[in-house]
Amino acid sequence: MSIDDIYALTGIDPWFLAEIEDLITTEADIANCGVEDDYSKLRSWKEKGFSDHRIAELTNTDEARIRTLRWDRDIHPVYKRVDSCAGEFDTPTAYMYSTYEDECESQPTADRKIVVLGGG
């Protein structure tokens with residue numbers, strides 16, 4: 001079905017439908033390509049949010065193998081700050097999220113830290 005057809009049936013915004021279509025296409029690419037030859041694809045898949053576990057499932061390997069490939073190719077998450085003050089002022093207690101990009105914004109220090117895990 002086309003995105004327009006799905007939109008007509010469900011009312012789901014076409015932008016979201018295009019994002020879902022991209023994820024489905026990427027899963028097919030992962031299953032067809034594997035990870036051994038093209039490590040730039042592995043980085044791309046991680047940037048799109050695919051877990052090591054899901055990539056392993058799609059390539060018929062195990063999660064530890066995918067993690068080892070990532071580490072061997074220096075593909076690691078970085079941490080970005082959530083602008084919880086809408087840019088009005090800097091806050092010393094930033095919320096962070098992990099992602100697969102180039103620049104890390106965490107600015108680590110030697111101070112003691114806590115981690116609060118949550119979602120939603």
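Predicted model only: the values in this text are computed from it and were never measured.
For the atom pair Glu101 CD and Arg43 CZ, the distance stands at 10.0 Å (nearest 0.5 Å). Here the CG atom belonging to Leu42 is positioned 6.5 Å from the CG atom belonging to Leu69, to the nearest 0.5 angstrom. Taking CD1 from Ile55 and CZ from Arg67, the interatomic distance works out to 11.5 Å, rounded to the nearest 0.5 Å. The SG atom of Cys33 lies 11.5 Å from the CG atom of Leu58; values are rounded to the nearest 0.5 Å.
Annotation: side chain to side chain donor-acceptor pair (under 3.5 Å) contacts of Asp62 (sequence neighbours excluded): none. For Tyr97, the side chain to side chain contact (heavy atoms under 4.5 Å, CB included) partners are Lys80, Val82, Thr99, not counting sequence neighbours. Not a single side chain to side chain donor-acceptor pair (under 3.5 Å) links Arg73 to another residue, sequence neighbours left out. In this view, Asp5 and Met1, Ser2 satisfy the side chain to side chain contact (heavy atoms under 4.5 Å, CB included) rule, not counting sequence neighbours.
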Determine all donor-acceptor pairs shorter than 3.5 Å in which one atom belongs to a side chain in residues 12-20; sequence neighbours excluded.
from	atom 1	to	atom 2	distance (Å)
Asp13	OD1	Trp15	N	2.7

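Arg54 has its side chain out of reach of Ile30: every pair of non-hydrogen atoms, C-beta onward, lies at least 4.5 Å apart. Using a 4.5 Å heavy-atom cutoff, the side chains of Val78 and Asp102 are not in contact.
A side-chain donor-acceptor contact under 3.5 Å links Thr25 to the backbone of Glu21.
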Can you list the steps and then say if Asp52 with Arg65 is a salt bridge (Lys or Arg N to Asp or Glu O under 4.0 Å)? CA-CA 9 Å; Asp52 290 349; Arg65 174 76 178 130; over 6 Å; no

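For residues 51-74, the pairs satisfying ring-ring contact (aromatic ring centres under 6.0 Å, His included) are Trp71-His76, with sequence neighbours left out.
Taking every heavy atom of both residues into account, Ser106 and Met96 meet most closely at CA-CE, 3.2 Å.
Linking Ile, Leu, Val, Met, Phe, Trp and Tyr whenever their side-chain heavy atoms come within less than 4.5 Å puts Leu23 and Tyr100 in one cluster.
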